[in-house]
Amino acid sequence: MSIIGATTGELLSRLERGELTSVELTTAYLDRINQVDGKVAAFITVNGEKALRQAADVDRRRQAKQPLGLLAGVPVAIKDVLCTKGLKTTCASTMLANFIPPYDAHVITQLRNADAILIGKTNMDEFAMGSTTETSAFQITRNPWDLDRTPGGSSGGSAAAVAAGMSPLALGTDTGGSIRQPAGFCSVVGMKPTYGRVSRFGMVAYGSSLDQIGPFANDVNGAALLAQVISGHDGRDSTSVNAPVPAYSQTVNQPLAGLRVGIAKEHFVEGLNPEVEQTLRTALHVYKSLGAEIKEVSLPHTSYGVAVYYLIAPSEASSNLARYDGVHYGHRATQFSNMIDMYATSRGEGFGSEVKRRIMLGTYALSAGYYDAYYLKALKVRRLIRQDYDKAFEQIDVLASPASPNPPSKVGEYSANPLAMYLEDIYTIGANLAGLPGISVPAGFTEAGLPVGIQLLAAPFEEEKLLRAARMYELATKWQGQRATL
Amino acid sequence: MAETLDIEKVRKVAVLARLKLSDAEIGDYATKLGNILKYVDTLNEVDTEGVVPMVHAVELSNVFRADEVQPSLPRAAALQNAPKTDGTFFLVPQILEDK
């Protein structure tokens, strides 16, 4: 059986049985990166030497029968927005092109404790702002299923790395859909946990009230295991919730009896691609055949989600990104007239156009005379959106929708029209505004062979239910085994 | 339809945001931000009378922790990414004018 394309569970049991060493496994993935990443450009940094040293250490400890962590010897690719001690973390920005963090993000500590192998840092939209991975200052990542198309974003490098078999697992971050949308576009599993489930310590902040770190995997079980490893309380993130972490990987294979799957009538609107809609309807039939009940619910404020998000996220970003001033770290201009000019010139040079656009938008929305009309108004509608979901989840267990209204875009398609790109976030944004967990699962392909994902959302802290519902669907369909050929 | 934001307003916001922008960028943002702001105006359709603003998804308040001394970054690590340092401090351009 091949290593590339195997599921995390398969790899772990082969390692445990001694059929495979972590060094062999890690070497196979590094070779794969060498072979195909020239076409895909998913990685900004490949951590080859250190990864092999880590793998050799795990092998030695396994040989000595020492206790090992849950992901012992298995590679994980890391979105380049998560701080890795001693390993360059760029956020795909000129601003941080040479930034070497002096500490690990909490999730990286968790991965190290689980004996996972950090195989490399993946490309993304600059500072996670974008839906295509095209705003990276360094490279454009290509969709492994169609190299003329984007992998989605902003965690496009992580999604493409898993889809192209360059890593069985990856971490991404999701502020408005940045895990779930690229997962759908690349036919892999991607989950955004409940806000507060995973510590954001050491994650470079974009929209702090929306950001959450989550797993990518080539099957639901892999996502369950990685979610279990990274979840849990951390005092260094004051929004991290102190609640026990269920053993998701232990329960994920148990089907749910009497499952109530909701669909929102507001999701079937103009702009939804007919092939994507058909894919969702087919998925609902699968759930029905598994004994689930399909229920229509209403989310009356759905159409305002994008507007609310594109006020709140840039407002938070304009504040978060104020720290890049060329003083403590990051790019400093060489030509400037005084201190203030040094800030402005360094920032003007260091940030790309989408980042500057969002800082400008956020600064405008927070400025005197506009704060009430824009930012405060958005926060009020945000509560109404959350109340819609609360009401819906009184009647249903999970809410099914497309992950995105259209299949992956062509490279360059949105460059002249950012608003058109923003509108594509309609199905994913609600979960961030309301803080809900969500998962995107492969659900088939368009006639042109482009991946389509379905998204499931659940009430806060119902990850276990979400993963079990997703696994039921995965086992009943043939999409999990499909791999992009490169 | 393209709704253009006033160029002077864009310049003012750029000063607030500490962003040095080219004239081309200012012009581009005037159009694109104008379009986005026109779109977000749809929120005015929503009646939010009496609705409490939702700042966070998990509405925790007053998260306290024990006031204990924890190890902090060693100086060398804190300075390792500094654009300019003398090994003890971060160095910045002179702020006060010479007399």
Side-chain angles (χ1 to χ4, degrees), chain A residues 98-100 102-103 195-196 209-210 235 238-239 241 301 303-304 307-308 310-311 318 322 325-332 336 338-345 347-348 351 353 356-357 359-361 363-364 367 374 376-384 386 418-419 422 432-435 460, chain B residues 5 9-10 12-22 25-26 28-29 32-33 35-60 63-66 70 73-74 76-85 90-95 97:
Chain A
N98 302 307
F99 178 68
I100 298 177
Y103 57 86
Y195 185 82
S209 80
L210 307 160
S238 63
T239 63
V241 171
H301 297 91
S303 67
Y304 300 108
V308 170
Y310 281 97
L311 286 169
S318 74
D325 57 4
V327 173
H328 301 100
Y329 46 79
H331 174 74
R332 181 187 289 192
F336 47 82
N338 56 41
M339 182 79 171
I340 300 289
D341 192 45
M342 184 197 87
Y343 296 152
T345 310
R347 290 163 62 77
F351 292 137
S353 67
K356 284 190 261 194
R357 185 181 300 131
I359 291 174
M360 291 287 286
L361 184 56
T363 306
Y364 184 84
S367 64
Y374 289 118
L376 208 60
K377 181 78 182 180
L379 291 182
K380 289 177 181 172
V381 182
R382 180 181 189 179
R383 182 171 304 279
L384 298 176
R386 167 67 189 253
L419 183 57
Y422 298 172
N432 301 84
L433 293 172
Chain B
L5 208 62
K9 200 169 270 173
V10 178
K12 204 184 130 202
V13 173
V15 170
L16 290 175
R18 298 284 187 267
L19 284 173
K20 185 177 261 180
L21 301 176
S22 67
E25 284 176 309
I26 296 275
D28 184 51
Y29 292 154
K32 285 181 180 155
L33 294 180
N35 274 335
I36 295 164
L37 288 169
K38 185 162 185 271
Y39 174 74
V40 302
D41 275 342
T42 55
L43 293 183
N44 291 327
E45 299 164 15
V46 187
D47 180 5
T48 52
E49 190 64 41
V51 178
V52 181
M54 178 175 164
V55 179
H56 251 266
V58 180
E59 294 177 281
L60 302 165
V63 178
F64 293 117
R65 59 176 166 75
Q70 301 277 345
L73 279 184
L79 290 170
Q80 76 185 26
N81 288 287
K84 210 168 176 194
T85 169
F90 295 99
L91 295 187
V92 294
Q94 187 175 343
I95 298 167
E97 302 285 324

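Residue numbers begin at 1 in each chain, while the letters A, B, ... track the order of the sequences. Just so you know, these numbers use all the heavy atoms, side chains as well, and skip hydrogens, waters and symmetry mates. Keep in mind that what you see is a predicted model, and the values were worked out from it rather than measured.
- Heavy atoms of B:L19 lying under 4.5 Å from chain A belong to its backbone as well as its side chain.
- Comparing B:E45, B:Q80, B:H56, B:R65 by how many heavy-atom pairs each has under 4.5 Å with chain A, the most go to B:H56.
- Heavy atoms of A:S353 lying under 4.5 Å from chain B belong to its backbone as well as its side chain.
- Contact of B:L91 with chain A is made through the backbone alone, with heavy-atom distances under 4.5 Å.
- When heavy atoms are compared at a cutoff of 4.5 Å, B:K12 does not approach chain A at all.
- The two residues B:V52 and A:R383 have their closest heavy-atom pair at O-NE, 2.5 Å.
- Heavy-atom pairs under 4.5 Å with chain B were tallied for A:G235, A:G330, A:G435, A:P102; the largest tally goes to A:P102.
- Chain B forms more heavy-atom pairs under 4.5 Å with one residue of A:V381, A:N338, A:D341, A:V327 than with any other, namely A:V327.
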- Message: Test side chain to side chain contact (heavy atoms under 4.5 Å, CB included) on B:L37 and A:L361; report intermediate values, then the result.
- Response: CA-CA 8 Å; B:L37 288 169; A:L361 184 56; 3.9 Å; yes
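- Residue A:L311 touches chain B through its side chain alone, counting heavy-atom pairs closer than 4.5 Å.
- Ranking A:Y374, A:Y364, A:Y310 against chain B, the residue ahead of the rest is A:Y364, based on heavy-atom pairs under 4.5 Å.
- Contacts between B:V15 and chain A at a heavy-atom distance below 4.5 Å are absent for every atom of the residue.
- Among A:F336, A:Y304, A:Y422, A:F351, the residue with the largest count of heavy-atom pairs under 4.5 Å with chain B is A:Y304.
- Residue B:A14 comes nearest to B:L21 through the heavy atom pair CB-CD1, 3.8 Å, listed as atom of the first residue, atom of the second, then distance.
- Only the backbone of A:L433 comes within contact range of chain B, judged by heavy atoms closer than 4.5 Å.
- Heavy atoms closer than 4.5 Å to chain A are found in the side chain of B:E25, but not in its backbone.
- Contact count against chain B (heavy-atom pairs under 4.5 Å) is highest for A:S209 among A:S303, A:G348, A:S209.
- Within the 4.5 angstrom heavy-atom criterion, only side-chain atoms of A:R386, from C-beta onward, approach chain B.
- A pairwise comparison of heavy atoms in B:V10 and A:M360 identifies O-CE, 3.4 Å as the closest pair.
- A donor-acceptor pair is defined here as one N or O able to donate and one able to accept, closer than 3.5 Å; no such pair exists between the side chain of A:R347 and the backbone of A:D325.
- Nearest approach of A:I359 to A:S318, heavy atoms of both residues: O-CB, 3.6 Å.
- Nearest heavy-atom pair, A:K377 versus B:V46, reported as atom, atom and distance to 0.1 Å: NZ-O, 2.8 Å.
- With rounding to the nearest 0.5 angstrom, the CG atom of A:L419 is 10.0 Å from the NZ atom of B:K38.
- Of all the listed residues (A:S367, A:P460, A:S238), the one sharing the greatest number of non-hydrogen pairs under 4.5 Å with chain B is A:S238.
- Side-chain atoms of B:N81 do not come within 3.5 Å of backbone N or O of A:H328 as any donor-acceptor pair.
- When atom types are taken as modelled, the side chain of B:K84 and the backbone of B:P93 share no donor-acceptor pair closer than 3.5 angstrom.
- For the atom pair CG of B:L33 and CD1 of B:I26, the computed distance is 10.0 Å after rounding to the nearest 0.5 Å.
- Put simply, of B:P53, B:A57, B:A76, B:A17, the one with the most heavy-atom pairs under 4.5 Å next to chain A is B:P53.
- For B:D28, the part lying under 4.5 angstrom from a heavy atom of chain A is the side chain only.
- Top candidate by heavy-atom pairs under 4.5 Å with chain A, chosen from B:I95, B:T42, B:D47, is B:T42.
- Within the 4.5 Å cutoff, the side chain of A:R382 has no heavy atoms near those of the B:T48 side chain.
- Only the side chain of A:H301 comes within contact range of chain B, judged by heavy atoms closer than 4.5 Å.
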